[in-house]
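Because the structure is a prediction, the values reported are computed rather than measured. What's counted below: heavy atoms across the whole structure, side chains too, no hydrogens, waters or symmetry copies.
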Amino acid sequence: MMGSFMYIAILLVAIISTVHSCPPSDRAALLSFRAALNESHLGIFNSWKGNDCCHEWYGVSCDPTTHRVADINLRGESEDPLFEKAHRTGYMTGTISPSVCKLERLSSLTIADWKGITGSIPSCITSLPFLRIIDLVGNKLTGSIPSTIGRLSRLTVLNVAENQLTGYIPRSLTNLSSLMHLDLRNNGVYGNIPTNFGKLRMLSRALLSRNKLTGPIPYSISYIYRLSDLDLSLNKLSGTIPPSLGKMHVLATLNLDGNHISGTIPPSLMNSRINILNLSKNAIEGYIPDSFDEKSYFMVMDLSYNKLKGRIPKSIASATFIGHLDVSHNHLCGQIPEGSPFDHLEASSFTYNDCLCGKPLKPCR
């Protein structure tokens, strides 16, 4: 009798543990994913053993209700004890296997800062309907962003910065209605920024610097009312700066430096919510707008290496704060205004102009 109870108890434990462990299909997908990667220094995959991939598999988390794999979080730069013990950052080679697409309930995919992972982003990744986060920063991925990326209606973060991606920004990307953070920095992405970029109404950060983007800055960007950080620097963008950017209620950082932008500086930028403004190394002409007022608050304003002419406007003295100002390498002339913010700026902020004078440069004659 006792033996029967023991048998039933063991059977129940086995059934419960099976119910609460990850499905064999998820485990098989993870092992196939792991087989395409090589990490020999830290041993992060040493824990990937046993039948239950929901239990103590490094970087793997499961949904507590469905027990399906929900998150893969593998970062090559981490404060995890595994890294601290080894006194090094991670290095991993190999590729991202399409088998990851078999994890049908995957919510976040982070394979970041491993420096040596190559190959392309599996196009099947866009078939994962629950995906909210794609973070593949800091690898050596090639190819292009999957053309059907716009299918991921729940996606909030797309970070593929610091890779070797090429190709166009997919047209479908503007269908990502939940996207909040877009980071494509330091790649070789080319072509125009989609004209309907403004459809990304939830976007708060758009970081597209150090690519090969051409064409104009889309006017529709000003429709993104949550956008706080826009970085389009170090591309090959041309055309003029949309004045509507200066009327955005949240935009605090605008980096357009290192492009082929022409035309004049919109007066709206001088009394906007922007507090970091970098327009340097372009072909901007005309005068610095005389439209500063008490709403003007700039931690950084860099207008250097352009074709600006005329005087530094007197209204700049009415700005609430200007921390760093650089107007060097232009064609400015006349006396540098006295008082704040000019009393704490160095000569290098004003050099290489046509005929600027006064402190901190030579006195005017």
Side-chain angles (χ1 to χ4, degrees), residues 209-210 213-217 230-247 251-365:
S209 64
R210 292 184 184 272
L213 297 169
T214 53
I217 301 168
L230 178 61
D231 189 352
L232 305 178
S233 62
L234 301 165
N235 280 287
K236 299 178 181 179
L237 298 172
S238 56
T240 59
I241 302 170
S244 53
L245 294 181
K247 297 175 182 177
L251 190 64
T253 300
L254 178 60
N255 290 324
L256 303 178
D257 50 297
N259 282 287
H260 305 315
I261 295 168
S262 57
T264 58
I265 300 174
S268 58
L269 296 185
M270 301 296 105
N271 54 17
S272 64
R273 300 290 180 92
I274 297 169
N275 54 52
I276 295 177
L277 177 65
N278 193 341
L279 307 180
S280 67
K281 297 181 175 67
N282 279 289
I284 299 170
E285 301 175 317
Y287 302 92
I288 300 173
D290 193 10
S291 56
F292 293 85
D293 59 25
E294 67 281 351
K295 295 194 295 292
S296 307
Y297 187 103
F298 290 98
M299 291 187 287
V300 175
M301 181 189 289
D302 192 344
L303 310 178
S304 64
Y305 291 91
N306 278 291
K307 299 178 181 179
L308 298 169
K309 61 182 180 180
R311 294 175 172 270
I312 296 173
K314 290 183 178 180
S315 67
I316 200 168
S318 63
T320 298
F321 178 76
I322 297 181
H324 173 76
L325 173 69
D326 192 344
V327 295
S328 64
H329 297 269
N330 279 288
H331 301 292
L332 299 173
C333 212
Q335 183 166 358
I336 297 169
E338 296 177 354
S340 179
F342 304 97
D343 49 9
H344 70 261
L345 297 173
E346 297 181 5
S348 59
S349 293
F350 304 98
T351 52
Y352 297 99
N353 275 285
D354 288 2
C355 48
L356 277 181
C357 59
K359 288 183 179 182
L361 300 180
K362 293 179 179 179
C364 300
R365 293 180 180 177

Problem - Derivation of the side chain to side chain contact (heavy atoms under 4.5 Å, CB included) call for Tyr305 and Asp257 - result: CA-CA 10 Å; Tyr305 291 91; Asp257 50 297; over 6 Å; no
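- Panel note: side chain Thr320, backbone Glu294; a donor-acceptor pair is recorded below 3.5 Å.
- Ser296 contributes a side-chain N or O that, together with a main-chain N or O of Met270, makes up a donor-acceptor pair within less than 3.5 Å.
- In this structure, Thr264 contributes its side chain and Gly286 its backbone to no donor-acceptor pair below 3.5 Å.
- Counting only distance, with no hydrogens or angles, the side chain of His329 and the backbone of Lys281 share no donor-acceptor pair below 3.5 Å.
- Heavy-atom minimum distance, Arg311 versus Gln335: NH1-N, 3.5 Å.
- Here the CD1-CD1 distance, from Ile312 to Ile288, works out to 6.0 Å after rounding to the nearest 0.5 Å.
- The closest donor-acceptor contact from the side chain of Ser315 to the backbone of Phe292 lies under 3.5 Å.
- Closest non-hydrogen pair, Asp354 versus His331, comes out as OD1-ND1, 3.2 Å.
- Under a 3.5 Å cut-off, the side chain of Asn235 and the backbone N or O of Asn259 do not form any donor-acceptor pair.
- When all heavy atoms of Leu345 and Pro360 are compared, the closest pair comes out as O-CG, 3.5 Å.
- A side-chain contact (heavy atoms from CB on, under 4.5 Å) with Ser328 is found for exactly one of Leu325, Asn330, Leu332, Asp326, namely Asp326.
- Atom-to-atom distance recorded for Leu303:CG and Asn282:CG is 10.5 Å, nearest 0.5 angstrom.
- Between the Asn353 side chain and the Val327 main chain, a donor and an acceptor come within less than 3.5 Å of each other.
- Smallest separation of non-hydrogen atoms from Phe350 and Leu356: O-CD1, 3.7 Å.
- Distance check, rounded to the nearest 0.5 Å: CZ of Arg273 to OH of Tyr297 gives 14.0 Å.
- Of all heavy-atom pairs spanning Pro266 and Pro243, the tightest one is CB-CA, 3.7 Å.
- When the options Ile284, Ile261, Asn278 are evaluated for a side-chain contact (heavy atoms from CB on, under 4.5 Å) with Leu256, the one that passes is Ile261.
- Once rounded to the nearest 0.5 Å, the distance linking CE of Met301 with CG of Leu277 reads 5.5 Å.
- Here the side chain of Asn255 pairs no donor or acceptor atom with the backbone of Ser233 at under 3.5 angstrom.
- The distance from atom CG of Asn275 to atom CG of Leu254, rounded to the nearest 0.5 Å, is 11.0 Å.
- Heavy-atom minimum distance, Pro267 versus Ser291: O-OG, 2.9 Å.
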Exercise for the section: I would like to know whether Asn306 and Ile265 meet side chain to side chain contact (heavy atoms under 4.5 Å, CB included); could you show each step before the answer? Expected result: CA-CA 11 Å; Asn306 278 291; Ile265 300 174; over 6 Å; no
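- For Tyr352, the OH atom counts as loosely surrounded, since its 6.0 Å shell holds 12 or fewer non-hydrogen atoms of other residues, nucleotides or ligands.
- Note that the CG atom of Asp302 and the NE2 atom of His324 stand 5.5 Å from one another [nearest 0.5 Å].
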